[in-house]
Every structure is written in structure tokens, then in C-alpha cells.
Amino acid sequence: MKRVMIVMGTRPEALKLCPVVLEMKRRENLAVAVCSTGQHRDMLESTMRVFSVRPDSDLDVMRTGQSTAGVTARILDRVDEVLEADRPDLVLVQGDSATAFASALAAFHRGVPVGHVEAGLRTYQLRSPFLADFHFAPTLTAKTNLIREGKPEKSVFLTGSTVVDALRFTLRQTKATPGWGFPAGARILLFTAHRKESFGEPLRGMFRALRRIVEAHPDVVAVCPLHHHPEVRRTAAEVLEGCERIRVVEPPEIVSFHRLLAGSYLVLTDSGGIQEETTALGIPTLVMRYSTERSEGIRAGCLRLCGSGEHGIVQATGRLLEPDSAEYAAMRRPSRVFGDGRASVRIVNLLEHLLK
Ligand code: UDP
């Protein structure tokens with residue numbers, strides 16, 4: 001039996017790797033061990049619980065006020081200890097977090113092959129990661145990026161995004177949309193902003209835009225789940241204070257969050273994963289960034305870039321909120337560009353084959 005160690009540390013990693021864990025547990029010739037680094041403990045654990053996935057090892061790496069370098073170094077060190085004790089045949093990581101990077105590096109140093117889920121996402125404004133042996137690309141664009149960067153073709157596999165698998169799982173759990181006490185018929189605008197690149201004036205501008213949009217449209221209510229980062233909390237409190245139709249809430253756990261997404265009229269976000277989810281659901285989304293590594297969703301019509309400037313956000317949102325907006329209607333279409341809900345099955349099939 002081949003042993004696979006799956007490492008996760010943040011909410012999106014748990015969301016996108018738990019479907020793979022569940023699929024692996026169905027296979028007789030693979031043993032799976034889940035290692036949690038605890039990088040974002042609360043959000044990580046609540047997401048794992050939804051899938052009934054429990055960590056076999058917990059590295060508990062977070063310390064108050066630590067730097068990204070500190071957490072990365074600690075993960076590298078602790079993952080190495082787990083690798084020494086467990087000796088897996090392969091380590092599976094997802095995305096581009098400190099957990100994914102440091103775990104892949106630890107495995108690389110020990111000569112343990114690394115599989116990378118959601119490989120090949122690029123804005124080409126970042127350096128590309130280089131540690132994986134097997135690249136599981138969610139889309140054809142991602143696969144093409146990897147091959148163009150010189151990854152051997154036989155190491156790159158088109159699987160679809162496991163977020164679509166996760167979405168199917170969560171939407172099966174309940175039909176109830178969280179009751180936020182909104183008046184019937186209100187159009188729900190879901191707003192999330194948390195990227196470090198935006199901290200400071202751009203983030204303040206995003207929140208100001210939200211406030212102006214809601215104040216200009218009496219039938220619009222906004223839900224604004226607040227990321228745990230203190231900078232996000234401080235800025236939101238300063239700008240959104242006292243606006244009645246903006247509900248600032250703790251980040252809903254994933255089942256409620258997906259229900260909320262599915263019930264929204266419009267989404268404004270700077271998140272990566274949410275772009276895939278709204279594209280799969282067909283919920284029109286304005287991405288508050290100037291570039292995206294999820295350009296497939298733009299080509300599919302569901303996503304649009306509006307930049308992170310206050311004025312641009314207000315303008316673009318205003319157009320979509322106009323009554324009978326043709327632009328809005330054209331965006332409200334689900335698409336399978338990010339996957340068909342079977343990415344985990346494909347990834348685990350490939351691993352069975354590759355580890356033979
Ligand atoms: N999410 C959630 N609750 C929230 C906000 C987001 O469960 O309040 C989920 C969301 O469905 C998405 C994931 O968290 O799949 C995205 O996480 P985030 O935006 O933190 O990271 P990114 O995708 O930008 O790396």
C-alpha cells in the first residue's frame with residue numbers, strides 16, 4: 001500500500017484538499033495521512049469539520065505577531081519531522097500558501113515526490129513555484145502555463161478544480177440560506193476583501209465604495225464577512241460604521257458561505273477561490289483587482305475585473321445594479337470552465353497510477 005501525506009494550513013487548502021482526502025479514503029491501495037500546520041487554525045478546522053476530516057498530525061505553528069518568514073521556517077522544520085517519522089511515498093499540497101511552499105520544500109529535500117493541486121495559476125506578476133513532481137492543473141490555461149514554463153509534459157495533468165467538487169459537497173449539506181434578517185426581495189451583495197496587496201488606502205477605498213453603493217441603492221443589502229487579519233478589521237470598522245444595510249459578520253463557515261454565495265445577486269471580491277465558485281454557480285462577480293489568475297471566468301462571462309480603485313468599483317457595480325441590466329443578465333450564467341465536480345477522482349486515479 002502506498003502512503004500519501006496531504007498537508008493543509010489555510011481555509012482554501014482545506015476546502016480544496018478535503019474532497020481529495022475523502023476520495024483517497026475510498027481506495028484500498030492508498031493510505032492517506034492528513035497533516036495540519038494550523039497556519040489559519042479556526043478557519044482551517046471549521047472547514048475540515050464539514051468534510052469530517054481529522055488531522056493525523058497537527059503542527060500548531062502559529063505564534064502571535066509572527067512574520068511570514070517565521071511561520072514558513074517553522075512549517076519547514078515541523079513538516080520535516082513528520083516526514084521523518086511517517087515516511088510517505090508522496091506529499092500532496094495545494095495552491096501557493098506558506099504551508100504549500102514549505103511542505104513541498106521539506107519533501108523535496110528528503111527526495112519525497114510532491115504532487116501540486118491547483119498548479120499553473122499565473123498572473124505572471126509573481127515568480128513561479130518549482131518544487132513539484134506532479135502538477136494537477138485545474139484548467140487548460142493552467143496546464144499550458146506549466147508546459148510553457150518548461151515543466152515536462154508528462155508531469156502535467158488536466159484535472160479540473162477540486163473547488164467544484166467541494167461546492168457540490170457543501171451544497172448537498174443544507175438547502176437553508178443563512179437568515180440574515182434581510183427584507184424579502186432585497187438584492188444581496190456579498191463583499192469580501194482581504195488581500196495584503198490592498199492594505200492601506202486601496203482597502204479603505206474598497207470599503208468606501210461598498211458604502212457608497214449601498215447608500216445609493218435602497219433595495220441592496222450587503223453582507224461583508226470579515227477576514228481575521230487586524231488590518232482588514234480596523235479598516236472595515238472605520239469606514240462601515242453605522243451603515244444599516246451593511247452586515248459586517250464573522251466569516252461564515254463554508255456550508256453557510258456557499259449558500260450565501262448561491263443566494264447573492266452580485267459578488268464583489270478580491271479573493272481567488274471565490275472567483276471559481278461564483279463562476280461555477282453563475283453569480284455575477286466583480287473582481288476588485290487589475291489582473292486575475294482566473295481569466296477563464298472572465299472569458300466565460302461571469303467575472304469582470306473592476307480594479308481596486310473606489311471610483312471604478314462604484315461605476316462598475318452601479319451599471320450591474322441598474323434595473324433590467326443586459327450586462328448583468330449576460331453574466332448570470334453558470335460555467336464549467338473550472339471543473340465538472342470530478343477533479344478529486346481524476347487526481348486520485350492519477351496518483352494510484354503514478355505511485356504503482
Ligand atoms: N470563504 C468562507 N467564508 C468566508 C469567506 C470565504 O468559507 O467568509 C471560503 C470561500 O468559499 C473560498 C475560500 O474561503 O472558497 C477562499 O478563501 P480566501 O478568499 O481566504 O482565499 P483565496 O482563495 O483568495 O486564496
Side-chain angles (χ1 to χ4, degrees), residues 8-20 39-51 68 93-101 117-119 121-123 126 129 138 142 161-171 173-174 177-178 180 188-199 203 206 222-229 231-233 236 246-264 267-281 283 285-289 291-294 297 303 305 308 338-339 341 343:
M8 51 185 87
T10 64
R11 174 174 65 190
E13 286 168 272
L15 184 67
K16 292 172 187 178
L17 286 173
C18 282
V20 181
Q39 194 186 328
H40 289 170
R41 175 162 301 287
D42 295 348
M43 297 195 281
L44 170 74
E45 284 180 353
S46 72
T47 305
M48 290 172 82
R49 262 199 303 278
V50 167
F51 292 88
T68 310
V93 298
Q94 188 275 341
D96 60 358
S97 68
T99 289
F101 167 69
V117 175
E118 196 175 69
L121 267 59
R122 300 287 185 269
T123 56
L126 297 166
S161 171
T162 56
V163 82
V164 184
D165 311 16
L167 200 52
R168 294 210 167 163
F169 182 93
T170 54
L171 292 178
Q173 308 299 306
T174 172
T177 307
W180 304 98
I188 298 176
L189 194 158
L190 178 62
F191 179 100
T192 79
H194 77 282
R195 284 165 69 89
K196 285 205 180 80
E197 301 89 288
S198 313
F199 285 6
L203 189 65
M206 290 179 189
V223 183
C224 181
L226 274 196
H227 199 268
H228 286 172
H229 199 288
E231 173 80 17
V232 178
R233 300 202 154 213
I246 302 180
R247 300 288 149 84
V248 177
V249 298
E250 285 303 314
E253 47 67 40
I254 196 70
V255 172
S256 310
F257 189 76
H258 281 167
R259 276 281 149 211
L260 183 60
L261 272 184
S264 292
V267 173
L268 257 68
T269 188
D270 66 356
S271 151
I274 294 176
Q275 297 175 51
E276 296 175 358
E277 294 163 340
T278 54
T279 301
L281 293 166
I283 306 297
T285 299
L286 288 171
V287 181
M288 298 183 289
R289 290 161 54 175
S291 63
T292 175
E293 60 299 313
R294 268 90 173 179
L303 308 179
L305 290 173
S308 56
F338 290 117

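Read the numbers this way: they start at 1 and go in the same order the structure lists the ligands and their atoms. Counting from 1, the numbers follow the sequence of the chain as shown.
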Looking only at side-chain N and O atoms, does Q173 offer a donor or acceptor that is under 3.5 Å from a partner on T170?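 No - no donor-acceptor pair under 3.5 Å links their side chains.
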
Under 4.0 Å from ligand 1 - residues by heavy atom, chain and number: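 Within the 4.0 Å shell of ligand 1, which is judged on heavy atoms, sit R11, P12, L15, H194, P225, P251, P252, I254, F257, H258, S271, G272, G273, I274, E277.
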
Under-4.0 Å salt bridge between E277 and K16: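 Between K16 and E277 there is no salt bridge, as every charged N stays at least 4.0 Å from the carboxylate O atoms.
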
Apply side-chain contact (heavy atoms from CB on, under 4.5 Å) to L190 and I274, showing your working. CA-CA 11 Å; L190 178 62; I274 294 176; 5.8 Å; no

Salt bridge R11-E253, side-chain N to carboxylate O under 4.0 Å: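 No.
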
Assign the ring pair H40 / H227 to parallel, tilted or perpendicular, where the plane angle (0 to 90°) is split at 30° and 60°.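 Rings of H40 and H227: perpendicular, over 60°.
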
Do F51 and P19 come close enough that some side-chain heavy atom pair is under 4.5 Å?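 Side chain of F51 against side chain of P19, heavy atoms only: contact under 4.5 Å found.
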
